[in-house]
Amino acid sequence: MVDHAERQFRSIFGRAPDVLVRAPGRINLIGEHVDYLGGLVMPAAIDRAIIAAAGPIAEPVVRVWTELSGQKGAPILISLDDLTPRQGSDSWQNYLIGVLAVMRDAGVKLPGFEVALTADLPTGAGLSSSAALETATALIVEALTEVSQEPIKRALLCQKAEHDYAGVPCGIMDQLAVGACVAGHALMIDCRDLSLTPVPIPEGIAIVVADSRVKHALGDGEYRKRREDCEAAATMLGVPALRDATLAQVNAAAESLGDRLFRRARHAVTEIARVTEFAASLSGEDFSSAGRLMRASHDSLRDDFEVSCPELDALVEAAYDFGPERGLIGSRMTGGGFGGSTVSLVREDAKDAFMEHLKIAFSKKFTHPASFFTTRAADGARILRPN
Ligand code: GLA
């Protein structure tokens with residue numbers, strides 16, 4: 001992948017890149033839709049990434065060539081004097097433009113540069129390609145200037161870009177996962193105090209991603225509605241955020257919350273509790289408990305939070321139908337939902353049979369194919385050159 005990025009840069013811009021950056025995607029093992037509630041989450045960066053090859057130019061412009069899905073073509077030009085959000089089919093540029101604008105506003109003197117963006121990370125699959133693009137942009141600017149930021153500071157900056165330029169009121173999970181994960185580990189993030197605890201993923205376990213190929217778009221408003229529901233529920237419960245509520249409190253307030261807000265709040269408090277339990281189960285290699293928690297998480301996202309879809313439900317059902325006796329540990333939707341991917345933990349020696357099983361089950365129900373790959377927990381984003 002790195003060689004490919006370098007070759008693409010050479011062929012398009014006619015010189016060698018001075019900068020190479022790798023920004024991975026992520027899966028989330030558990031702790032879904034709770035990052036913006038100050039909750040706990042447990043993502044892992046994966047071995048699929050955006051690789052950016054870049055070099056400085058004298059004019060105050062950024063020339064971008066990309067092979068990210070759906071965005072191929074001639075290099076596009078972004079003037080550093082016009083970092084306003086783009087509309088329609090150009091809106092993918094907002095991840096880049098947003099980061100540049102937020103860095104400029106933070107006092108960074110932006111360099112002009114040209115960049116080739118290559119990736120083996122699918123976009124719109126719930127695997128945080130947006131956070132990867134944001135983080136890659138920040139790292140290119142850092143590599144071309146004297147600026148060097150801590151991963152947490154960089155993640156907050158990228159989150160601000162996503163809020164203000166892409167219009168998605170996301171939490172901090174994706175940007176921190178992309179930026180701060182450690183190979184071989186999931187990263188438990190306390191999204192309130194931003195403390196990070198790497199939790200080793202035991203040897204012999206494969207991570208399988210099943211992309212439903214239902215394009216998820218969080219900008220369409222449902223994500224924002226979930227966040228608003230949770231804020232309304234917290235206000236009614238008299239707590240700063242649902243992180244501070246207990247299940248007993250939520251149950252006691254069922255009537256005043258009404259059905260929808262009750263279910264949203266129940267998802268939040270039970271999901272946050274599941275993360276702590278899951279971390280202990282994984283560390284103690286209690287795989288049946290880990291699997292039960294992943295399943296409970298999926299059910300809660302489907303029924304209480306209503307962010308799943310038939311394709312994701314079918315993939316998860318097929319996984320549990322494969323079952324622990326054949327090597328499944330656990331499976332659930334991962335990321336924002338409304339399409340995107342499921343993540344499954346499977347015994348290493350069972351992963352091929354597992355993927356085949358899912359593929360057949362999916363093809364019996366849907367006319368379009370899902371896509372599958374195995375991955376491993378990788379390091380967070382890095383500047384590869386200069387090193
Ligand atoms: C998206 C957001 C994250 C998080 C997840 C759901 O990926 O970007 O901040 O809220 O959805 O867990």
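In this text, all values refer to a predicted model and were calculated from it rather than measured experimentally. Counting convention: from 1, in listed order, for ligands and their atoms alike.
Arg266 places none of its side-chain heavy atoms less than 4.5 Å from the side chain of Glu271. Under the 4.5 Å side-chain criterion, counting only non-hydrogen atoms from C-beta, Ser341 is in contact with Leu127.
Salt-bridge formation is detected for the pair Arg15/Glu114: a Lys NZ or Arg NE/NH1/NH2 atom is positioned less than 4.0 Å from an Asp or Glu carboxylate oxygen.
Each of the atoms 9 (O) of ligand 1 lies under 4.0 Å from some heavy atom of Gly171. The distance from ligand 1 to the heavy atoms of Tyr223 drops below 4.0 Å at these ligand atoms: 1 (C), 2 (C), 3 (C), 4 (C), 9 (O), 10 (O), 11 (O). Residue-ligand proximity, Met173 to ligand 1, at heavy-atom distances under 4.0 Å covers atoms 4 (C), 5 (C), 12 (O). Counting the atoms of ligand 1 from 1 in the order shown, those under 4.0 Å from a heavy atom of Asp35 are 3 (C), 4 (C), 9 (O), 10 (O). Counting atoms of ligand 1 from 1 in the listed order, those under 4.0 Å from a heavy atom of Asp174 are 1 (C), 2 (C), 3 (C), 7 (O), 8 (O).
In terms of polar-atom proximity, defined here as any N/O pair under 3.5 Å, Tyr36 makes no such contact with ligand 1. The shortest N or O to N or O distance between Arg26 and ligand 1 is below 3.5 Å. An N or O contact shorter than 3.5 Å is missing between Gly335 and ligand 1 by distance. Polar contact check, Glu162 against ligand 1: no nitrogen or oxygen pair lies under 3.5 Å apart. Note: an N/O pair closer than 3.5 Å links Glu32 and ligand 1 by distance alone.
Cluster partners of Ile51, by chain and number: Met1, Val2, Leu20, Leu384. The rule joins Ile, Leu, Val, Met, Phe, Trp and Tyr whenever side-chain heavy atoms lie under 4.5 Å apart.
Taking the ring axis of Phe354 as reference, the NZ or CZ atom of Arg326 does not stay both within 45° of it and closer than 6.0 Å to the ring centre.
Phe305 and His33 have tilted rings, their planes meeting at an angle from 30° to 60° on a 0 to 90° scale.
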With a cut-off of 3.5 Å and sequence neighbours excluded, list every side-chain donor-acceptor pair involving residues 239-248.
| unit_1 | atom_1 | unit_2 | atom_2 | d |
| --- | --- | --- | --- | --- |
| Arg243 | NH1 | Gly38 | O | 2.5 |
| Arg243 | NH1 | Asp190 | OD1 | 3.0 |
| Arg243 | NH2 | Asp190 | OD2 | 3.3 |
| Asp244 | OD1 | Arg192 | NH1 | 2.6 |
| Asp244 | OD2 | Arg192 | NH1 | 3.4 |
| Asp244 | OD2 | Arg192 | NH2 | 2.9 |
| Asp244 | OD2 | Ala241 | N | 3.2 |
| Thr246 | OG1 | Gln249 | N | 3.1 |
| Thr246 | OG1 | Gln249 | OE1 | 3.4 |

